[in-house]
Structure formats: structure tokens, C-alpha cells
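Heads up, the thing below is written out as C-alpha cells.
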Number of protein chains: 2
Amino acid sequence: MESKSATLSLSALGHEGRLAIFRLLVSAGPTGLAAGEIARRLGMVPNSLSANLNILSRANLTTSRREGRSIIYQADFSTMTALVGFLVGDCCGGAPEICSPLNQLLSQSQQCAPTPSRQKELC
Amino acid sequence: MESKSATLSLSALGHEGRLAIFRLLVSAGPTGLAAGEIARRLGMVPNSLSANLNILSRANLTTSRREGRSIIYQADFSTMTALVGFLVGDCCGGAPEICSPLNQLLSQSQQCAPTPSRQKELC
DNA sequence: TCCATAGTTCTAGGATAATAGAATTATGTG
DNA sequence: CACATAATTCTATTATCCTAGAACTATGGA
């Protein structure tokens, strides 16, 4: 990921409503959520929601598919991962000890590694 | 970290110049960099840089200290870590397998864990 | 004290983003 | 086809952000 698309993603997420949408979609996982369901859960009017979904989409943070009358949105995890990588990429540049909180954070998320063998591999 | 401060940090970083400043400070580590040095390296005019440093500072992404005539800025790694945690926090909500790229990313950054014993502890 | 250096604050303009009402498009059902 | 539902697009108003020139503050040295 390069600076321009990172900026695009970060400014898309730098908005309380869009951050709430994105986090909701992250927790919803690959199943995704219909636009109407997002609007209902977050109490947003449809046109504002649509505009914000469009901004998230242009930042490659979400994808969507139609299912009948509904349009299902889901978080794009690859962009999220790339964005985190871009932010923490040079963290260790000068001082290794700074990384340890980040490592702890990451090791916590390893509890959801797919298989024990993979978890071993990662460590 | 809560939504409001995460939004503040993300919108602060959602600006090409400020993102460049922050990443420069992240790579500079705890030593930090003088404002003038940042301006010189990134080719920014002093007043714009100062305004942007102020925005990063209000978002708790940087700290500063005076040294003689210079003011030294450094990245606030605890905010950076909290922000990443806020973003990836619910990543595993519904589908563990999604986390693996994130885990890989994090395990790469473990190469800079302070000591072998600590690395063992983290895993 | 006088001057140079380092940064910040003030200011005004132009540009960009946010919001919500109204109209429009797309899909499914009777 | 007519109608209801689901979302989007259009539009205009308002608010916010960005930028850089100019003035100001703080520090160190002659």
C-alpha cells in the first residue's frame, strides 16, 4: 500500500459514522450486512448511509454484492491488513523495544489462528 | 480507546502531509526530530508544518519537547498501538480464518522483540 | 542590547466535505 | 402492469478544512 491509498482509507475512517459502519462490518465478518440493516442498527438515514458506504467503497475498505432487493456490504480485510501494515511498518526503525506493546496486541489476536499447526508456524 | 478519539486520530492521519510527518516520526523513534528538520526533509513551509503538527498533537499522535531553539517532535507509540487495536479488535468476531494475514503481519514485527525470552513469552 | 534563528499564531481566501430532502433506479410480488 | 420495498443519486445549503502570507514569540550568541 502506498501513501495515497493509505490517506484515502484513513480519511474515510476518520469520520465517526463511517468508522462505526466499518467496525460493524468487521465484526459481521464475511457474511456482511444489508445496507438497510446497517441503517437500522446505527440509526442512520438511508441517503447519508449510502453516501458514506460509497466513500468507504472508493477507499477499498468495503465490497458489496446484490442479493434480491438488498445490497450486502462487507469489510475488505485485505485493505485493513495492508493499512495496519503501512502504519506499523517502520515501527522498529530505530528502537526495537517500542514494538513490544504492538506485539502483545498481535499475539492476542493469534488466539483465532485457524489451526494449531498454523499457530505454531506463526510463532 | 473509544470511537471519538479513534476518529480524531484517523482523520488526523487521513491527510497526505500529516501521514508523511507521522511515518517519519515513527521511523525516527524516541529520538524524535526537530520541526525544522521535518520541514526540510518533507519540503514543507514552516507554518503549514506547524499547523499539521498541532493537529497530530491534539490527536495524541505526537509529543514534543523544547531543546534550545528547536522543538523536538516524536511519535506517540501508545496511541498508535491503541488505534491499531481499536481497528483490528473485532476482526475475529465471526470468522477466525480472516485474521491470519494480520497474524502474519504481526509475527513479522516480532523479529524486533527485545529479548528471546520475551519473544517466547509473547508466543 | 541587537540580531539571527526556530517555530508558532493570526488571518482570509478558496476548496472540500457533510447533511438531508426529493426524485430516481432496481427488484420482487400480487 | 401496478405497487411496495431497498438503495442510490441529485441537489443545495451549511460547515469545516487547507493553505500560505504576514506578524509575533522565544531562544541563543556577539
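Per chain, numbering begins at 1; letters A, B, ... match sequence-line order. Model, not experiment: these values are computed from the prediction.
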(Q) So, applying side chain to side chain contact (heavy atoms under 4.5 Å, CB included) with Ile21(A), which one of Leu61(A), Thr62(A), Ile38(A), Ile55(A) is it? (A) Ile38(A)

Would you tabulate the nitrogen or oxygen pairs shorter than 3.5 Å linking the protein to nucleotides 10-16 of chain C?
none

Q. In residues 64-71 of chain A, which ones come under 4.0 Å of DNA chain C, going by heavy atoms?
A. Arg66(A), Gly68(A), Arg69(A)

(Q) Do Ser50(B) and Asn54(B) make a side-chain contact, defined as non-hydrogen atoms from C-beta onward lying under 4.5 Å apart? (A) no

Q) Atom OG of Ser64(A) and atom CG of Leu25(A): how far apart are they, to the nearest 0.5 Å? A) 10.5 Å

(Q) To the closest 0.5 Å, what do you measure between CZ (Phe22(B)) and CG (Asp76(B))? (A) 8.0 Å

Q) Separation of Leu49(B) atom CG from dT9(C) atom P, in whole Å? A) 12 Å

Q | Value in whole Å for how far the P atom of dT19(C) lies from CE of Met44(A) | A | 9 Å

Q. Starting at CG of Asn52(B) and ending at P of dT8(C), how long is that distance when rounded to a whole Å?
A. 11 Å

Q. Under 4.0 Å between a side-chain N or O of Ser48(B) and OP1 or OP2 of dT19(D)?
A. no

**Q.** Length of the line joining Ile38(A):CD1 and dT8(D):C1', which is rounded to integer Å
**A.** 14 Å

**Q.** Sub-4.0 Å heavy-atom contacts from residues 15-22 of chain A onto DNA chain C, ordered by number
**A.** His15(A), Arg18(A)

Q) Reckon Ala34(A) touches a base, only the sugar-phosphate, or nothing at all at heavy-atom distances under 4.0 Å? A) sugar-phosphate

Q) Considering all heavy atoms of both residues, which atom of Gly14(B) and which atom of Ser11(A) are nearest to each other, and what is their separation? A) O-CB, 3.4 Å

Q: Find the distance Arg58(A):CZ to dA18(C):P and express it as a whole number of Å.
A: 10 Å

Q: Round to a whole Å and report the spacing from CG of Asn54(B) to C1' of dA20(D).
A: 16 Å

Q.
Working note: Thr79(A) + Ser9(A), criterion side chain to side chain contact (heavy atoms under 4.5 Å, CB included); need CA distance, chi angles, decisive distance, verdict.
A. CA-CA 9 Å; Thr79(A) 301; Ser9(A) 296; 4.0 Å; yes

Q: Could you walk me through whether Ile72(A) and Thr31(A) pass the side chain to side chain contact (heavy atoms under 4.5 Å, CB included) test, one step at a time?
A: CA-CA 8 Å; Ile72(A) 313 292; Thr31(A) 315; over 6 Å; no

Q | Stepwise side chain to side chain contact (heavy atoms under 4.5 Å, CB included) check, Leu56(A) with Tyr73(A) | A | CA-CA 10 Å; Leu56(A) 288 171; Tyr73(A) 285 85; over 6 Å; no

Q: Could you grab the distance from atom CG of Leu10(A) to atom CZ of Arg18(B), nearest 0.5 Å is fine?
A: 11.0 Å

Q) What is the distance, rounded to the nearest whole Å, between atom CG of Leu56(A) and atom P of dA17(C)? A) 14 Å

Q: Report yes if a side-chain nitrogen or oxygen of Tyr73(B) is closer than 4.0 Å to either non-bridging phosphate oxygen (OP1 or OP2) of dA6(C); otherwise report no.
A: no

Q: Looking only at side-chain atoms of Ile55(B), point me to the closest of dC18(D), dA7(D), dT8(C).
A: dC18(D)

Q: Return the 5'-most residue of the pair Gly36(B), Val45(A) with respect to DNA chain C, ranking by each residue's nearest nucleotide.
A: Gly36(B)

Q. Do Ser57(A) and Leu53(A) have side-chain heavy atoms sitting under 4.5 Å apart?
A. no

Q) Taking C-beta and beyond as the side chain, do Thr63(A) and Gln74(A) meet within less than 4.5 Å on heavy atoms? A) yes

Q. CG of Leu13(A) to CG of Leu8(A): how many Å apart, nearest 0.5 Å?
A. 10.0 Å

